[in-house]
Undergrad: 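I have a structure here, written as structure tokens, and I will follow up with some questions on it.
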Amino acid sequence: MSTVRAIVAVDEKWGIGKKNDLLFRLPLDMKFFRETTLGKTVCMGYNTLLSFPEGKPLKNRKNIVICPEGIERDDVLVVHTLDEMLGAISSENGDVYVIGGAYFYKSMLPYCDEVLVTKVAADGNAEVFFENLDERSDFELASESETFETNGYNIKFCVYKRV
């Protein structure tokens, strides 16, 4: 059985995006994301896939995408329902990372054992948000890094574990 983790960067209001894009360009966070998910399985909503350059899946990872009915692709594993997604994830042997978007994070959070959160000390004027894990009784902050500066922003890498 795989371990399911969400991985997300949030602003100080737990905002994660606007106009189907990231709030910030954070090279250090991108490096962390790439190194964490490389060789693993990532799962996402269809709009997240479309937000990638040319709408192509992430390289060197197995990409599972929940797509609207009628959409089929041969470059990713396509599922059409949450039940199909959960079935696909349960057949994975390694770590699985939930990578967005907002509605998909909300749907998958009950199935996540951990959430890797990059906290950005800024307001990104977000349109979509992640659940504020500091206000939830089913998750606790397990670890928090020192503060790092990247592209003019202060960030911290945090791990929340299900309790």
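Just so it is clear, the values below take in all heavy atoms, side chains as well, and ignore hydrogens, waters and symmetry mates. Along the sequence shown, residues are numbered consecutively beginning with 1.
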Undergrad: What's the shortest heavy-atom distance between Asp123 and Phe24, and which atoms?
TA: C-CZ, 4.2 Å

Undergrad: Nearest 0.5 angstrom please: Glu146 CD to Asn154 CG, how far?
TA: 11.5 Å

Undergrad: Arg73 and Leu49: side chain to side chain contact (heavy atoms under 4.5 Å, CB included), yes or no, with the steps?
TA: CA-CA 11 Å; Arg73 294 178 56 139; Leu49 176 64; 3.5 Å; yes

Undergrad: Please tell me if the side chains of Asp29 and Tyr153 come closer than 4.5 Å, counting only heavy atoms from C-beta onward.
TA: no

Undergrad: Any side-chain heavy atom of Ser51 sitting closer than 4.5 Å to one from Asp21?
TA: no

Undergrad: Restricting to non-hydrogen atoms, name the atom on Leu109 and the atom on Arg162 that form the minimum distance, rounded to 0.1 Å.
TA: O-NH2, 2.7 Å

Undergrad: Quick check: are there more than 12 heavy atoms from other residues, nucleotides or ligands sitting under 6.0 Å from CZ of Phe52?
TA: yes

Undergrad: First locate atom CG of Leu77, then atom OG of Ser91, and finally report the distance between them rounded to the nearest 0.5 Å.
TA: 8.0 Å

Undergrad: Does Leu82 belong to the same Ile/Leu/Val/Met/Phe/Trp/Tyr cluster as Tyr103, with side-chain heavy atoms less than 4.5 Å apart forming each link?
TA: no

Undergrad: If you define the side chain from C-beta out and look only at heavy atoms, does anything of Val78 sit under 4.5 Å from Ile71?
TA: no

Undergrad: Might you work through the side chain to side chain contact (heavy atoms under 4.5 Å, CB included) test for Glu114 and Val159, ending with a clear yes or no?
TA: CA-CA 7 Å; Glu114 285 184 0; Val159 176; 4.0 Å; yes

Undergrad: Give the ring-plane orientation class for Phe130 versus Tyr105, where under 30° counts as parallel, over 60° as perpendicular and anything between as tilted.
TA: perpendicular

Undergrad: Nearest 0.5 Å, what's the CG-CD1 distance between Asn47 and Ile66?
TA: 12.0 Å

Undergrad: Going by heavy atoms in the side chains, are Lys119 and Trp14 under 4.5 Å from each other?
TA: yes

Undergrad: In the structure I gave you, are the side-chain heavy atoms of Phe104 and Met85 within less than 4.5 Å of one another anywhere?
TA: yes

Undergrad: Should Phe148 and Val8 be counted in the same cluster of Ile, Leu, Val, Met, Phe, Trp and Tyr side chains packed under 4.5 Å apart?
TA: no

Undergrad: Under the side chain to side chain donor-acceptor pair (under 3.5 Å) test, which residues partner Lys18, sequence neighbours left out?
TA: none

Undergrad: State the OG1-CG distance between Thr118 and Leu116, to the nearest 0.5 angstrom.
TA: 8.0 Å

Undergrad: Going only through I, L, V, M, F, W and Y residues with side-chain contacts under 4.5 Å, is there a path from Phe157 to Met30?
TA: no

Undergrad: Of all heavy-atom pairs between Ala121 and Glu12, which one has the smallest distance, and what is that distance?
TA: C-OE1, 3.8 Å

Undergrad: May I have the step-by-step check of side chain to side chain contact (heavy atoms under 4.5 Å, CB included) for Ile7 and Phe32, ending in yes or no?
TA: CA-CA 10 Å; Ile7 185 168; Phe32 172 74; 3.9 Å; yes

Undergrad: Looking at Cys43 and Ile89, what are the two nearest heavy atoms and their distance?
TA: SG-CD1, 3.9 Å

Undergrad: What are the two closest non-hydrogen atoms of Ala126 and Ile16, and how far apart are they?
TA: CB-N, 4.0 Å

Undergrad: Is there a side-chain contact between Met108 and Met44, using heavy atoms and a 4.5 Å cut-off?
TA: no

Undergrad: State the NZ-CG distance between Lys40 and Asn63, to the nearest 0.5 angstrom.
TA: 14.5 Å

Undergrad: Give the minimum heavy-atom separation between Gly100 and Thr48, together with the two atoms involved.
TA: C-OG1, 3.0 Å

Undergrad: Given side chain to side chain contact (heavy atoms under 4.5 Å, CB included), test Ile64 with Val96 step by step and report yes or no.
TA: CA-CA 10 Å; Ile64 307 175; Val96 175; 5.8 Å; no

Undergrad: Please determine whether a side-chain nitrogen of the Lys or Arg among Arg5 and Asp95 lies less than 4.0 Å from a carboxylate oxygen of the Asp or Glu.
TA: yes

Undergrad: Given the rule that I, L, V, M, F, W and Y join up when any side-chain heavy atoms are under 4.5 Å apart, are Phe129 and Leu26 in one cluster?
TA: no

Undergrad: Between the side chain of Asn151 and the main-chain N/O of Arg25, is any donor-acceptor distance below 3.5 Å?
TA: yes

Undergrad: Is there a side-chain contact between Lys59 and Arg34 (heavy atoms, below 4.5 Å)?
TA: no

Undergrad: Side chains of Val120 and Leu23: closer than 4.5 Å at any heavy-atom pair?
TA: no

Undergrad: Please tell me whether Leu22 and Ile155 are part of a single hydrophobic cluster in this structure, the criterion being side-chain heavy atoms less than 4.5 Å apart.
TA: no

Undergrad: When rounded to the nearest 0.5 angstrom, what is the spacing between CD in Glu140 and CG in Leu133?
TA: 11.5 Å

